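Everything quoted here is computed from the prediction, not taken from an experiment.
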Amino acid sequence: MTDAAALPGQPRGGVLTGPATARAVNVLAPNPSAMTLDGTNTWILCEPGSDLAVVVDPGPLDDGHLRHVVDTAEQAGKRVALTLLTHGHPDHAEGAGRFAELTGTRVRALDPALRLGDEGLAAGDVITVGGLELKVVPTPGHTADSLSFHLPADQAVLTGDTVLGRGTTVVAHPDGRLGDYLDSLRRLRSLAVDDGVHTVLPGHGPVLEDAQGVVEYYLAHRATRLAQVETAVEDGYRTPAEVVAHVYADVDRTLWPAAELSVRAQLDYLEEHGLI
């Protein structure tokens with residue numbers, strides 16, 4: 001068995017649902033799969049002593065899960081005052097409209113199509129609710145609308161699908177772009193190095209205790225995959241499907257369709273930089 005502390009990011013063991021930091025509680029959605037890992041992490045954030053909470057990523061359109069999130073907040077004496085989205089993939093955002101009905105909240109997101117209310121989200125925004133402070137960090141790449149949320153008081157960052165608690169994520173071509181994703185990883189590394197962030201609260205998988213370590217791993221992993229794709233093209237593998245079968249031969253075949261999205265993004269990146 002591998003020691004969790006030796007894995008990228010030092011994933012926290014134990015139950016995924018429940019308190020993660022002084023201000024963050026996870027409610028795990030019942031949608032496990034190869035792509036969603038244990039399920040979607042729905043985060044309830046609240047300043048200690050406040051009765052107002054913020055929910056990040058209500059998750060899929062599952063009424064039982066959405067009501068469980070509301071009940072979890074209310075049992076702790078909190079009222080959900082705002083809903084935020086890290087990005088628009090259905091496993092994170094499909095339930096947002098129904099959740100807004102249950103809570104009477106606005107939904108703020110980067111993509112105007114996902115918003116309920118007049119306010120969106122943009123780089124540099126600072127969200128304050130009941131004394132809780134969240135800073136909006138643009139992290140496009142997985143998708144064009146991907147955001148992260150910096151929680152300074154807990155030295156934590158909520159990363160959606162930009163960084164996962166286990167494994168690596170997909171650059172969802174054509175909406176996701178590899179150059180943007182690499183820039184986003186460097187932005188997260190700066191949060192760790194310059195702003196003292198050490199805890200990653202991901203959209204899937206366990207909490208990570210070493211933010212810098214996991215981001216460095218992601219950057220190294222992407223560099224390795226990019227080199228492998230470049231070599232595969234030089235060796236005559238031309239189509240994305242051929243490259244996937246060659247480069248991702250050790251990966252579960254059920255994940256190959258997702259891997260093909262990342263390969264398409266990598267091929268675009270290599271072409272843009274004149275490397276193939």
Side-chain angles (χ1 to χ4, degrees), residues 4-5 7-12 19-26 40-48 54-57 82 84-87 89 92 108-111 120-129 131-172 176-223:
L7 296 173
Q10 297 180 14
R12 186 182 297 175
T21 68
R23 292 165 180 80
V25 172
N26 182 34
T40 301
N41 294 333
T42 295
W43 292 103
I44 302 174
L45 308 177
C46 184
E47 188 68 16
V54 174
V55 166
V56 178
D57 290 351
L82 179 64
L84 304 176
L85 298 177
T86 61
H87 65 298
H89 279 167
H92 293 257
R108 295 182 63 181
L110 179 61
D111 185 348
L121 293 171
D125 282 353
V126 179
I127 299 162
T128 55
V129 173
L132 180 82
E133 180 183 278
L134 284 173
K135 297 181 178 180
V136 177
V137 182
T139 48
H142 169 68
T143 60
D145 69 329
S146 287
L147 297 171
S148 294
F149 298 102
H150 178 199
L151 181 54
D154 284 349
Q155 297 178 295
V157 61
L158 291 87
T159 54
D161 282 356
T162 299
V163 173
L164 304 179
R166 185 170 65 251
T168 56
T169 198
V170 172
V171 178
R177 295 176 58 81
L178 181 58
D180 291 341
Y181 186 65
L182 295 175
D183 287 343
S184 293
L185 291 176
R186 296 183 188 109
R187 195 169 294 120
L188 290 174
R189 180 173 59 187
S190 293
L191 279 182
V193 173
D194 300 330
D195 295 287
V197 167
H198 56 73
T199 301
V200 174
L201 306 176
H204 303 278
V207 172
L208 302 176
E209 306 283 9
D210 177 15
Q212 184 178 349
V214 73
V215 172
E216 296 286 5
Y217 171 80
Y218 266 53
L219 285 165
H221 172 79
R222 283 294 166 197

Which pair of heavy atoms, one from [X] and one from [Y], lies closest together, and at what distance?
{"X": "His89", "Y": "Ala172", "answer": "CE1-CB, 4.3 Å"}
{"X": "Val207", "Y": "Ala20", "answer": "CG2-CB, 3.8 Å"}
{"X": "Pro206", "Y": "Pro11", "answer": "CG-CB, 3.7 Å"}
{"X": "Leu45", "Y": "Ala24", "answer": "CD2-CB, 3.5 Å"}
{"X": "Pro138", "Y": "Ala123", "answer": "CG-CB, 3.6 Å"}

Straight-line distance of [X] [atom1] to [Y] [atom2], nearest 0.5 Å:
{"X": "Asp57", "Y": "Leu201", "atom1": "CG", "atom2": "CG", "value": "11.5 Å"}
{"X": "Asp195", "Y": "Lys135", "atom1": "CG", "atom2": "NZ", "value": "6.5 Å"}
{"X": "Leu132", "Y": "Ile127", "atom1": "CG", "atom2": "CD1", "value": "9.0 Å"}
{"X": "Leu188", "Y": "Tyr218", "atom1": "CG", "atom2": "OH", "value": "10.5 Å"}

Check: [Y] main-chain N/O paired with [X] side-chain donor or acceptor under 3.5 Å:
{"X": "Trp43", "Y": "Val54", "answer": "no"}
{"X": "Thr128", "Y": "Glu133", "answer": "no"}
{"X": "Asp154", "Y": "Arg23", "answer": "yes"}

When [X] is tested against each of [options] for side-chain contact (heavy atoms from CB on, under 4.5 Å), which residue passes?
{"X": "Ile44", "options": "Val55, Asn26, Val56", "result": "Val55"}
{"X": "Arg108", "options": "Val136, Leu84, Leu85", "result": "Leu84"}
{"X": "Tyr181", "options": "Val170, Thr169, Thr143, Thr139", "result": "Thr169"}

Q: Go through the structure and list residues passing salt bridge (charged side-chain N to carboxylate O under 4.0 Å, His left out) with Asp180, not counting sequence neighbours.
A: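 Counting only residues at least two positions away or on another chain, Asp180 forms no salt bridge (charged side-chain N to carboxylate O under 4.0 Å, His left out).
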Q.
My understanding is that only residues two or more places apart in sequence, or in another chain, count here; which of them pass salt bridge (charged side-chain N to carboxylate O under 4.0 Å, His left out) with Arg177?
A. Glu272
Please identify each residue that fulfils side chain to side chain contact (heavy atoms under 4.5 Å, CB included) with [X], with sequence neighbours left out.
{"X": "Arg186", "answer": "Leu182, Asp183, Arg189, Leu219"}
{"X": "Gln212", "answer": "Ala192, Val193, Asp210, Glu216"}
{"X": "Ser190", "answer": "Asp194"}

Indicate every side-chain donor-acceptor pair of residues 155-162 with a distance under 3.5 Å to a residue at least two apart or in another chain.
residue	atom	partner	partner atom	Å
Gln155	OE1	His198	NE2	3.2
Gln155	NE2	Gly196	O	3.4
Thr159	OG1	Val163	O	2.8
Asp161	OD1	His92	NE2	2.9
Asp161	OD1	His204	NE2	3.1
Asp161	OD2	His87	NE2	3.3
Asp161	OD2	His92	NE2	3.3
Asp161	OD2	His142	NE2	3.3

Q.
In the structure I gave you, are the side-chain heavy atoms of Ser184 and Pro140 within less than 4.5 Å of one another anywhere?
A. yes
